[in-house]
**Q** 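Quick one: the structure is below, and I'll ask about it shortly.
Convention: sequence-line order gives letters A, B, ...; per-chain numbering from 1.
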Amino acid sequence: MPETTNVDYSTKIPNNVGLTDDQRVLKALEQWHPGYIDWWMTMGPEGFQTSDVYLRTAVSIDPKGWAKFDYVKMPEYRWGILLAPRQEDRQVNFGVHKGEKAWQEVPGEYRAMLRRLIVIQGDTEPASVEQQRHLGKTAPSLYDMRNLFQVNVEEGRHLWAMVYLLQKYFGKDGREEAEGLLQRRSGDADKPRMLGAFNEATPDWLSFFMFTFFTDRDGKMQLESLAQSGFDPLSRTCRFMLTEEAHHMFVGETGVGRTIERTCQAMKEAGIEDPYDIAAVRKLGVIDLPTIQKKANLHFSLSLDLFGSEVSTNAANYYNSGLKGRFQETRIEDDHELTKASYPVSKLVDGQVKMIDEPALTAINMRLRDDYVADCAKGVDRWNKVIEKAGVNFRLKLPHVAFHRHIGEFQNAKATPEGQILSDAEWSKKKDQWIPSTSDGDFIASLMTPCWERGKFAPWISAPKVGIDNKAGDFEYVKIHQA
Amino acid sequence: MAERIDFQTEPARYRHWKLKFDGEVAELVMDVDENAGLFDGYQLKLNSYDLGVDIELNDAIQRLRFEHPEVKVVVLKSGKDRVFCAGANIRMLAGSTHTHKVNFCKFTNETRNSMEDASRHSGQKYICAVRGTAAGGGYELALATDHIILADDGNSTVALPELPLLAVLPGTGGLTRVTDKRKVRRDLADAFCTIEEGVKGARAVKWRLVDQVVANSKFEQTVKDTAKKLAAQSDRPSGAAGIRLTPIERKLDDKSVSYSCVRIDIERDARRATITIQGPAAAPPASAEAMVAEGAAFWPLRLARELDDAILHLRLNEPEIGVLIFKSQGEPAQVLAFDAFLEANKTHWLAREVLHYWKRALKRIDLTSRSLVALIEPGSCFAGTLAEIIFACDRSFMLIGSFQGDNRVPATITLSPANFGTYTMSNDLSRLATRFLGEPESLEKAKAGIGKPLEAEASEELGLVTTALDYIDWDDEVRIFLEERASFSADGLTGMEANLRFAGPETMETKIFGRLTAWQNWIFQRPNAAGAEGALKRYGTGVKANFNPERV
Ligand SMILES: [Fe+2]
Ligand SMILES: [Fe+2]
């Protein structure tokens, strides 16, 4: 039986796609495997490869109980190929092929486009592992350290997922691209990762939480739209990846939330009422709320760039060809062809931000970005509840989409977080109020001292409400054996 | 298209290019202002270009030769971050008339050829430093240079995506240069031209699409080193000062354009224009230094610039003028004196540039899709270099003797050594060698006539003109010829003339202007590209083109 809901662990590569019966792909993946392990050893979490980490591993693709927890040394993690169950009679649900049977093989005319989509998605997965590889050393707790490593191994698995598609469906080119995914390096001048945000540094834990909140959420939106794909194996792969992605965003949202909670608590204890009294708050050894806002500004704007140009021919082609849909495509009530519809796009017109109707097909990126912004806003609301509950007079806000952009309509404009257009000179004068300055970074870095004692947390962050896998507060999430 | 397209510009007015000078190396930086397209209705995103961008490029290439004799190597690069050049702007193409598309392609081809001309004949080499994607016309720009360096950063690619993306061909020599200049194997070239996203890294070198790939961190240094190496091979003078290409003086009205030594008179109803060339008013300068001192006012240079501008003006702004009549006025002996001066100083950098410029200006006439006719009358000065214009024409008429009541001496043609190889056509032959392809003895006879003023009957006898006529027949014969010409199909004439003008061997240039352009112009007209459901029209909408599968 080639495809099951249970994962086959009899092969070197755990899978539910019948790899034992597919010798060609099994062989290709086995050949790719040593390169991957090599990459993991040199670019994966630094200093903890021999530690035992309490990680979840997928054992089934059944949404209920798909994972089991146990101690694992990360290099021995069972990275596998896991696809959501195949739905009989699934169709292409949008674009010019709407109503046709979903493709189980790559249509020749879309081969290059599909490969490109998969390579771009695949490139982000190892990139974030590289960006986060130094963070273990300064983990504020064993709990957070475990979460970091869980995210890391799962990003590694996401790489496997994309590589499987490349190896199985894209022949020689696919194998070359799979190699390329191991060659590029985040932030490397010669072989950078493909997208901007994945070449930025993740220097501290607040950046890590912001990254998993904002940038992994972009990942979620991309996976959601690829999960709509008429190319069924891609759809099924992405649907399973989304179950893992949820945890990454949980790590981000609660990480920032716990940082905020601790700051508010410390302020209250010290009787500081003014959240803008930054010097006083910092003296308490916690991160002041205005600096947290700046971090959010930075990560939000970098993540918006990942959606590409608001008006995009590529996005239109992807949609029309049935390769990449909209967020929750099948729940949207329209013709799912969009050849006649229009969609409002925010644009810079004569120095002002205006909404201009564009053909809906070409505005697909804009639409996905709007859904993303709405999703982010909900998380920010939950952070504000924490502040409110503590009785501190401060609200976090998402900056305007024109703020600090490097791709799309606003790339050549300078805008305030409220969306007012500024001159370059004014921007240079004021930007330190809106994005973290070097001294903000230095201050945060000064707080990043490790706290590896069981059940203890660094003074700048609160403990979580509940443990992972319902473990007690002092559970030893990572048994550290430093190499 | 109501506005007049002007081919004159200068660096201070550039919107899309920057020139930077560092001794013997210059940088030519493409940084297209997306909001400064020549027409409305499109934005020049991703360093894509339209005619306006190419007019500046042409100007820059020209100035590099005349204003910067010290520049031995030009580095062509992009001023944008992740893109080298995306080629001709597709929305501009989709929104243009067929006439504009064809003229645009022709001019861009001539501009790229002029880069190769600078390298081959003038010691000014071009290096292309490609960072980011060089697609379509972007890669074709690179192909026109001597050496292509591609960044090995996983993002930089070269591509000719026209067929898969737009159902057309690369229109600026791409296919020809891939096979004939870079000698890419045909099956690999075939694969390359169907890979929309292009080729990068080691494969690009292996397929000979680029000369080298270099890691980002070593990129700038490699470009510098290569420039230095190429500069060492150049025969351009070190430390010479250039001349300034001052603005051309023009007066325009609805019926005429007048320059200092060229005049266009338009007869709109008859759909023809007369281009009258004025010979030199004074003797050539005493020395090469004096020529440099004259600068842009030096008669052969001034005339070449004005004639070039006149032809471009007629091509783009007067599409319904079907016949161009060339006339001249002046003293043949003085024209010949300039020929002798240039010949005597041909190793001087400026004389060399002037001679090659004349070669290019004459080629531009060869490639102009209008009926060309020379009328050689008393008072004319079709001698040496100016006689080339007669040989560029489809037909020529020469008056025997004088008109009644005109006491000027009869018209003559005098050949000079310049008519025998100085000004090659696209086929690499002189106009006379092309003219006498089947009769080498005629070429020898003509050569024997160098320096002799030949009146009409002698010229006809030597085959230098089509028809010699006396004053009795002149008016009627010329009128009938012009009226007959006006009655033929413009398309038929364009095709016929283009085929008859370039006898003899094929070169890369003749292939580009003949084979490639003809195919492209055919494809541009076909519904699969230009129809309402064609790829050009649907580009950017996300809706797929509808192709008629029938092979023609
Ligand atoms: Fe991921
Ligand atoms: Fe993730």
**Q** Measure the NZ-CG distance between B:Lys218 and A:Asp190 for me, rounded to the nearest 0.5 Å.
**A**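 Spacing of NZ (B:Lys218) from CG (A:Asp190) equals 6.5 Å.
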
**Q** Is the count of non-hydrogen atoms from other residues, nucleotides or ligands lying under 6.0 Å from B:Arg186 atom CZ greater than 12?
**A**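 Check fails, neighbour count at 12 or below.
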
**Q** Of the backbone (N, CA, C, O) and the side chain (C-beta and beyond), which part of B:Asp153 lies under 4.5 Å from a heavy atom of chain A, both, or neither?
**A**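 When you check distances to chain A, atoms from both the backbone and side chain of B:Asp153 fall under 4.5 Å.
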
**Q** Checking heavy atoms, do the side chain of B:Glu197, its backbone, both or neither come under 4.5 Å from chain A?
**A**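 Side chain only.
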
**Q** Shortest non-hydrogen contact from B:Gly542 to A:Ala316?
**A**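 Looking at all heavy atoms of both residues, the shortest contact is CA-CB, 3.4 Å.
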
**Q** Below 4.5 Å from any heavy atom of chain B, which atoms of A:Glu337 appear? Answer side chain, backbone, both or neither.
**A**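 Neither part; nothing is under 4.5 Å.
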
**Q** Heavy-atom distance under 4.5 Å to chain B: side chain of A:Glu176, backbone, both or neither?
**A**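 It is the side chain, since no backbone atom gets that close.
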
**Q** Can you tell me if B:Lys544 has over 12 outside heavy atoms packed within less than 6.0 Å of its NZ?
**A**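 It does: B:Lys544 NZ has more than 12 such atoms within range.
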
**Q** To the nearest 0.5 Å, how far apart are CG in A:Asp173 and CD1 in B:Ile195?
**A**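 Taking CG in A:Asp173 and CD1 in B:Ile195, the distance rounds to 7.0 Å.
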
**Q** Look at B:Asp152 together with A:Lys191 and state whether they make a salt bridge at an N to O cut-off of under 4.0 Å.
**A**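 Counted as a salt bridge, because a side-chain N and a carboxylate O are separated by less than 4.0 Å.
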
**Q** If you count the non-hydrogen atoms of other residues, nucleotides and ligands that lie under 6.0 Å from CG in B:Asp31, is the total more than 12?
**A**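 Counting other residues, nucleotides and ligands, CG of B:Asp31 exceeds 12 neighbours.
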
**Q** Just verifying a value: how many Å separate A:Arg193 CZ and B:Asn155 CG, rounded to the nearest 0.5 Å?
**A**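 Going from CZ on A:Arg193 over to CG on B:Asn155, the span is 14.0 Å.
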
**Q** Under 4.5 Å heavy-atom distance to chain B, tell me which part of A:Asn412 shows up: side chain, backbone, both or neither.
**A**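 Neither part; nothing is under 4.5 Å.
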
**Q** Side chain, backbone, both or neither: which part of A:Arg115 has a non-hydrogen atom closer than 4.5 Å to chain B?
**A**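 Answer is side chain: those atoms of A:Arg115 sit under 4.5 Å from chain B.
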
**Q** Using non-hydrogen atoms and a 4.5 Å limit, figure out which bit of B:Thr541 sits close to chain A: side chain, backbone, both or neither.
**A**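 Just the backbone, heavy atoms under 4.5 Å.
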
**Q** Atom CG of residue position B:Asp81 - does it have more than 12 heavy atoms of other residues, nucleotides or ligands inside 6.0 Å?
**A**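 No - once you tally the heavy atoms of other residues, nucleotides and ligands closer than 6.0 Å, there are 12 at most.
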
**Q** Atom OG1 of A:Thr313 and atom CZ of B:Arg538: how far apart are they, to the nearest 0.5 Å?
**A**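 A:Thr313 atom OG1 to B:Arg538 atom CZ measures 14.5 Å (nearest 0.5 Å).
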
**Q** As an exercise, state the distance from CZ of A:Arg116 to CD of B:Glu196, rounded to the nearest 0.5 Å.
**A**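 Rounded to the nearest 0.5 Å, the CZ-CD separation comes to 9.5 Å.
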
**Q** What part of A:Glu177 gets within 4.5 angstrom of chain B, counting heavy atoms only: side chain, backbone, both, or neither?
**A**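 A:Glu177 touches chain B through side-chain heavy atoms alone.
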
**Q** Among A:Thr362, A:Ile364, A:Val96, A:Val311, single out the residue with the greatest number of heavy-atom pairs under 4.5 Å to chain B.
**A**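 Option with the greatest count: A:Thr362.
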
**Q** Which atoms of B:Arg203 come close to chain A, meaning under 4.5 Å heavy atom to heavy atom: side chain ones, backbone ones, both, or neither?
**A**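 Contact with chain A involves the side chain of B:Arg203 alone.
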
